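What follows is a set of notes on a single structure, which appears directly below.
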Amino acid sequence: MSNNYWTDWQQNRRIEEAEERLDAERRARSRLAEHMRRQQGDLQSQIDRLTRAFVALVEHEDIRAELGQHADAAALRRYAREVVATVIVTGGAALRGVAEPGDVPGYWLAAAARGVASIARGEAGGEELLAEARRRDPVRAALFGCLLAAQTRDPRWAPNDLSAVLPDGTTIATAQRRIWLAVAEGRLAPADVDAPGQLVTALRRVVESDPVAIEARVTDWLSKRAATSSKALPAEKAAAELDALRTLLTHGTDTAPQPRSAARGGVVASFLGADLDADPVAPSDPADLPPEDPEADCLRSLVDEGSPAEGDILQRMVAVRADLGFLDERAASMTSTYTEPAGDVTQLVLEDLAAGPGSPVSDVALRVLAPTLGRLAEDLGRRAAAAPEATKDVNAVGGGASIRVGTAGPVGEWRGPVTESVLRRHPIGAWMQPTGIGLAALGAVLTVLGLLLPGLIGIGVVLLLGGGGLLGWMFHRRQQRTSDLASTLEATEQRVDQTRHELIEEHSRAASAAGSAQAALGVVRRQLGVVTG
């Protein structure tokens with residue numbers, strides 16, 4: 001017996017060891033298969049990258065051949081970068097050692113760059129060249145002059161009419177936003193031109209293109225800033241929004257948006273280093289890239305956009321160089337910086353307004369929104385002064401009757417309707433009492449007669465019990481109705497009294513809100529009066 005047990009144990013032990021070895025081999029094969037799949041995936045991705053790079057290299061040579069047909073435009077762009085960098089650094093000093101390329105017919109940058117260089121050297125004809133650039137492409141030439149003027153704070157480069165670069169639709173581009181901020185901050189001020197006035201007119205035209213929609217958006221914006229309770233009265237909500245507007249106009253809450261400006265050396269590097277026409281170079285470390293400056297980025301991307309005939313070719317070159325690994329993500333996106341959407345005009349105006357008094361952008365936003373804010377403030381004042389409802393309808397406990405309650409108490413008699421409602425809930429038929437008495441009397445008579453005729457005793461007892469039960473049920477219903485009526489009248493009276501106190505409190509709160517709203521409205525009127533002067 002013991003030998004058999006020992007043999008079985010040894011056999012089971014060997015089976016378990018074999019299963020463990022088999023599991024270990026399975027795990028090893030699984031790890032090996034996973035490693036092979038990963039290596040295969042890495043190898044495939046490397047093959048794909050090499051294939052893509054090879055195709056891009058072939059396409060790169062084709063694109064270079066196409067760009068070779070526009071060598072004059074490429075030379076002009078390099079010249080424009082030198083001109084812009086020199087003007088930004090020296091503030092318009094004479095350009096030395098820069099060979100001026102010939103004109104490229106139809107290309108706005110040819111006339112713009114030569115015009116800036118001519119003015120920087122103090123030569124005649126620069127203004128005519130800038131005017132020619134604006135004739136060739138009114139928008140791009142005006143953007144070029146305005147961005148350069150904002151960078152240098154020199155009004156010579158900007159046109160007197162800023163309408164081509166100011167917002168003209170609900171959504172604006174990044175370059176338009178940068179010019180907007182530059183005008184508001186006084187960094188773009190053409191001589192003898194009311195640039196802020198032009199900006200305010202353009203923005204107001206966009207904002208007030210739909211007066212109903214703008215008032216709704218400003219109202220929603222103010223209500224979020226007021227953050228009133230859901231239980232607040234309409235007068236309290238209006239007063240809170242009016243007070244939020246008063247606080248905004250007198251103190252402000254946010255910090256004015258400040259454009260980030262890079263050092264002039266970094267701006268120059270950003271202009272001189274972004275040349276899609278030159279041979280590709282290895283990607284730089286992100287830490288070596290020049291500091292980002294929104295206006296410089298917009299100006300650089302505008303210059304690098306290319307002539308009308310080569311714009312698509314340059315876009316293809318950016319994609320190809322990215323596939324080759326010679327452009328990082330930031331450099332690959334530089335060619336479209338100035339055209340990227342900057343946001344909704346109305347939302348941007350509201351964000352600028354939140355900067356508060358003393359901020360240049362807030363002052364412009366206030367001038368833009370002054371008519372809308374004036375109408376909204378008066379409407380809020382009227383809503384805050386409106387008296388709350390004089391009465392409220394209260395349902396009696398248990399329903400069935402409506403009671404109108406005022407600050408002095410219930411209007412009219414209410415106990416009678418409530419009593420009728422309770423009586424309807426506990427109906428007692430007029431037939432019950434006589435029927436019960438009749439059945440009980442008939443049962444008593446038949447019971448007495450049953451002494452003579454035994455067969456009538458059973459019928460008499462049944463009728464006697466039925467009549468007594470009907471009378472007992474009727475008395476119980478009367479007691480229940482009386483108790484329900486008393487409790488209903490008491491609870492309803494408490495509800496009426498509670499409603500009366502609520503009305504008194506609401507009238508007091510509404511009066512307080514109206515007083516504070518009138519004070520805030522006076523401040524808002526004075527502030528807006530100074531703006532609209």
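Remember, it's a predicted structure, so these values are computed and weren't measured experimentally.
- Annotation: side chain of L373 is in contact with side chain of L366 (closest heavy-atom distance under 4.5 Å).
- Electrostatic pairing of E127 and R156 does not count as a salt bridge here, judged by no charged N lying under 4.0 Å from a carboxylate O.
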Worksheet item: Could you walk me through whether E82 and R78 pass the salt bridge (Lys or Arg N to Asp or Glu O under 4.0 Å) check?
Response: CA-CA 6 Å; E82 293 283 352; R78 287 191 289 271; over 6 Å; no

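- In terms of heavy atoms, C146 sits closest to V165 at SG-CG2, 3.9 Å.
- Looking at T171 and V345, their side chains never come closer than 4.5 Å, going by heavy atoms from C-beta outward.
- Residues Q176 and Y338 bring no donor and acceptor atom of their side chains to less than 3.5 Å of each other.
- Checked by atom type and distance alone, the side chain of S223 pairs as donor or acceptor with a backbone atom of D220 at under 3.5 Å.
- Ion pairing between a basic and an acidic side chain is recognised when a charged N comes within 4.0 Å of a carboxylate O; D103 and R136 show such pairing.
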Practice prompt. Test side-chain contact (heavy atoms from CB on, under 4.5 Å) on L166 and W180 and set out the steps.
Written response: CA-CA 7 Å; L166 293 179; W180 171 353; 5.9 Å; no

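- Side-chain contact between Y79 and L109 is absent, with no heavy atoms from C-beta onward closer than 4.5 Å.
- A donor-acceptor contact shorter than 3.5 Å is absent between the side chain of Q198 and the backbone of A195.
- In terms of the side-chain hydrogen bond (donor to acceptor under 3.5 Å, both in side chains) criterion, residue partners of S163 (sequence neighbours excluded) are, by chain and number, D161.
- For the residue pair A240 and T228, the shortest heavy atom distance occurs at CB-CG2, 3.2 Å.
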Only distances under 3.5 Å count here; give the side-chain donor-acceptor pairs of residues 510-520 to other protein atoms, sequence neighbours excluded, each with its distance to 0.1 Å.
residue	atom	partner	partner atom	Å
S516	OG	S512	O	3.4
S516	OG	A513	O	3.0

Practice prompt. List the steps, then state whether side-chain contact (heavy atoms from CB on, under 4.5 Å) holds for L302 with T339.
Written response: CA-CA 9 Å; L302 179 61; T339 60; over 6 Å; no

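- The shortest side-chain heavy-atom distance between I172 and L348 falls under the 4.5 Å cut-off.
- In this structure, P167 and L203 have side chains that are in contact, with non-hydrogen atoms separated by less than 4.5 Å.
- Within the 4.5 Å cutoff, side-chain heavy atoms of P371 are placed close to those of R375.
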Discussion item. One pair to check against side-chain contact (heavy atoms from CB on, under 4.5 Å): T219 and D379. What are the steps and the verdict?
Written reply: CA-CA 10 Å; T219 300; D379 180 62; over 6 Å; no

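- How far CD1 of I88 is from CG of L299: 6.0 Å, rounded to the nearest 0.5 Å.
- V183 has its side chain within reach of L162: a pair of non-hydrogen atoms, C-beta onward, lies under 4.5 Å apart.
- Taking CZ of R177 as the reference point, atom CD1 of I179 lies at 12.5 Å (rounded to 0.5 Å).
- Contact annotation: the side chain of R81 approaches that of D304 to within less than 4.5 Å [non-hydrogen atoms, C-beta and beyond].
- Side-chain atoms of T174 come within 3.5 Å of backbone N or O of E340 as a donor-acceptor pair.
- Across all their heavy atoms, V83 and A113 have their closest contact at CG1-O, 4.1 Å.
- A donor-acceptor pair under 3.5 Å links the side-chain atoms of Q527 to the main chain of L249, judged by distance alone.
- The backbone N or O of A355 lies less than 3.5 Å from no partner atom in the side chain of S359, so there is not a single donor-acceptor pair.
- Nearest approach of K237 to S229, heavy atoms of both residues: CE-O, 3.8 Å.
- A cation-pi arrangement is absent between R217 and W221, since the terminal nitrogen or guanidinium carbon is not both under 6.0 Å from the aromatic centre and inside a 45° cone about the axis.
- The structure places CZ of R509 at 4.0 Å from CG of L233, a figure rounded to the nearest 0.5 Å.
- Between the OG1 atom of T346 and the CD1 atom of I214 there is a distance of 4.0 Å, given to the nearest 0.5 Å.
- Taking the six-membered ring for Trp and the full ring otherwise, W157 and F144 have centroids separated by 6.0 Å or more.
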Practice prompt. Give the intermediate values and the outcome of salt bridge (Lys or Arg N to Asp or Glu O under 4.0 Å) for residues E132 and R135.
Written response: CA-CA 5 Å; E132 172 63 18; R135 187 190 65 79; 2.5 Å; yes

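- Taking every heavy atom of both residues into account, A182 and A150 meet most closely at CB-CB, 3.7 Å.
- For the atom pair CG of L353 and CG of L245, the computed distance is 8.0 Å after rounding to the nearest 0.5 Å.
- For the atom pair CD of E236 and CZ of R383, the computed distance is 13.0 Å after rounding to the nearest 0.5 Å.
- Here the closest non-hydrogen pair linking E506 and P388 is O-CG, 4.1 Å.
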Worksheet item: Under the salt bridge (Lys or Arg N to Asp or Glu O under 4.0 Å) criterion, do E241 and R225 qualify, and how do the steps go?
Response: CA-CA 8 Å; E241 293 174 13; R225 298 184 71 87; over 6 Å; no

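- Between the side chain of R187 and the backbone N or O of R153 there is no donor-acceptor pair closer than 3.5 Å.
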Discussion item. The test is salt bridge (Lys or Arg N to Asp or Glu O under 4.0 Å); show your working for R205 and D168 and say whether it passes.
Written reply: CA-CA 8 Å; R205 185 183 302 113; D168 56 356; over 6 Å; no

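- Under the side-chain hydrogen bond (donor to acceptor under 3.5 Å, both in side chains) criterion, R204 pairs with no residue at all, not counting sequence neighbours.
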